[in-house]
There are 2 protein chains.
Amino acid sequence: MSAPATDSSPWAGRIHALGARVTPARVAVLQLLEHAERALSHREIEEALAAGFDRVTLYRVLDWLVDSGLGHRVTDAERVFRFSLAQAETRAHGLHAHFRCEDCGKVFCLDEVPAPAPPLPAGFSSHTVEYTITGHCARCEPDEKPR
Amino acid sequence: MSAPATDSSPWAGRIHALGARVTPARVAVLQLLEHAERALSHREIEEALAAGFDRVTLYRVLDWLVDSGLGHRVTDAERVFRFSLAQAETRAHGLHAHFRCEDCGKVFCLDEVPAPAPPLPAGFSSHTVEYTITGHCARCEPDEKPR
DNA sequence: CCGCCAGATGCAACCGCATTGCAGGAGCGT
DNA sequence: ACGCTCCTGCAATGCGGTTGCATCTGGCGG
Ligand SMILES: [Mn+2]
Ligand SMILES: [Mn+2]
Ligand SMILES: [Zn+2]
Ligand SMILES: [Zn+2]
């Protein structure tokens, strides 16, 4: 008996290809973010993961995730970081917009909305563009009840 | 002797017109931000002010400044708030871009760069747009030495 | 010019997110 | 199966910002 309980999935290969070790924490975080429809905070990830990894381990996994290029970090206006996986398409044009709901606090990646490259003053060079829209999401929109 | 040392300046009138009391902390912060060429953090403001106001007083003055509409707050990627006065022009189109230097960490208001209004998914409503460019400022640009 | 009181200040405690140090554990190439 | 290296867990620390509360003061009414 004892078949492999959780499918280590194709992530094992991706992780290994990056020269990192395939650990439960990394696989769990990747699987979670893979199916998340929005950017998740450390807190949200910690609560979602049944395995009960240490807080610091998760912080380090998330740092690795960003450094490795597998994911990216969004700075929330409430000073919490949120994480999501880098989409292939997204990496094409490099930058995309984010949406933060004022009511529920959720943050969505708007992968289809490219961040426009701005005109800069002389001597300034652009490296990254953050483009975050704040408002009400479909669920919290007062007028528009979601069925 | 004893002429008014620091010119209470036209700020006294502006403050009073808002229904708030004209206090040394408020005048000092406004005078500092008035002549600042970039957005300043609480820490920077505290260090710049010789009078030695309490940390919390400054936090409260800054909160008031934003609430009153005299200034605005920009969320730094390093999780620190920075503050600058609202320009008349800026208030016209409402939104403008910010630039953060990766090297020196300074944050500039690009009042002349309007933040474009983005297309949103159905059911989402936009309230605020944050538009921050990260890169190298004129002083930190490797190629371009500033005289 | 005086007295009053809503509102502003100072100080200390507190909060939450994130980082650091270090000892022990586990991945994986051999 | 071994061992080196990287990863994990736990505790302590840092830091930007907030809150509670007693005291003080700006500025208005008298
Ligand atoms: Mn994103
Ligand atoms: Mn600005
Ligand atoms: Zn919402
Ligand atoms: Zn710079």
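Below, chains carry the letters A, B, ... as their sequence lines are ordered, and counting in each starts from 1.
- Taking the nucleotide of DNA chain D with the nearest heavy atom to each of A20(A) and F83(B), the more 5' of the two is matched to A20(A).
- Residues satisfying the side-chain hydrogen bond (donor to acceptor under 3.5 Å, both in side chains) criterion with S84(B), sequence neighbours excluded, are H72(B).
- The side-chain hydrogen bond (donor to acceptor under 3.5 Å, both in side chains) test applied to H16(B) returns no partner, not counting sequence neighbours.
- For T23(A), the side-chain hydrogen bond (donor to acceptor under 3.5 Å, both in side chains) criterion is met by no residue, not counting sequence neighbours.
- A side-chain hydrogen bond (donor to acceptor under 3.5 Å, both in side chains) check over residues 43-58 of chain B, counting only residues at least two apart or in different chains, returns the pairs R38(B)-E44(B), S41(B)-E44(B), E44(B)-R82(B).
- Sorted by first and then second residue, the salt bridge (Lys or Arg N to Asp or Glu O under 4.0 Å) pairs involving residues 95-105 of chain A (not counting sequence neighbours) are D76(A)-R100(A), E78(A)-R100(A).
- The terminal axes of the helix from dC1(C)-dG30(D) to dT30(C)-dA1(D), fitted over 5 pairs per end, subtend an angle of 30° to the nearest 10°.
- Of the residues in residues 49-68 of chain A, D54(A), V56(A), T57(A), R60(A) come within less than 4.0 Å of DNA chain D through at least one heavy atom, sorted by number.
- L58(A) and V107(A) fall into different hydrophobic clusters, where Ile, Leu, Val, Met, Phe, Trp and Tyr side chains are chained together by heavy-atom contacts under 4.5 Å.
- A cation-pi arrangement is present between R73(B) and F81(B) under the rule of less than 6.0 angstrom and at most 45 degrees off the ring axis.
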Walk me through it: do I133(A) and T128(B) pass the test side-chain contact (heavy atoms from CB on, under 4.5 Å)? CA-CA 6 Å; I133(A) 300 107; T128(B) 307; over 6 Å; no
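- For R73(A) and T23(A), each mapped to the nucleotide of DNA chain C holding its nearest heavy atom, the one lying further toward the 5' end belongs to R73(A).
- A ring pair (Phe, Tyr, Trp, His ring centres under 6.0 Å) check over residues 26-68 of chain A, counting only residues at least two apart or in different chains, returns the pairs H42(A)-Y59(A).
- Taking 4.0 Å as the cutoff to heavy atoms of chain A, we find the contact window on DNA chain C bounded by dC17(C) to dG29(C).
- For F99(A), the ring pair (Phe, Tyr, Trp, His ring centres under 6.0 Å) partners at least two apart in sequence or on another chain are F124(B).
- When each of V61(B), L70(B), L65(B) is checked for a side-chain contact (heavy atoms from CB on, under 4.5 Å) with R26(B), only V61(B) meets the rule.
- For S125(B), the side-chain hydrogen bond (donor to acceptor under 3.5 Å, both in side chains) partners at least two apart in sequence or on another chain are E141(A).
- On the nucleic acid side, DNA chain D contacts chain B at distances under 4.0 Å to non-hydrogen atoms, with the end points of that region at dG16(D) to dC28(D).
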Report the C-alpha distance between E34(A) and L85(A) in whole Å, list the side-chain angles of each, state the deciding distance to 0.1 Å, and finish with yes or no for side-chain contact (heavy atoms from CB on, under 4.5 Å). CA-CA 7 Å; E34(A) 181 182 16; L85(A) 293 195; 4.1 Å; yes
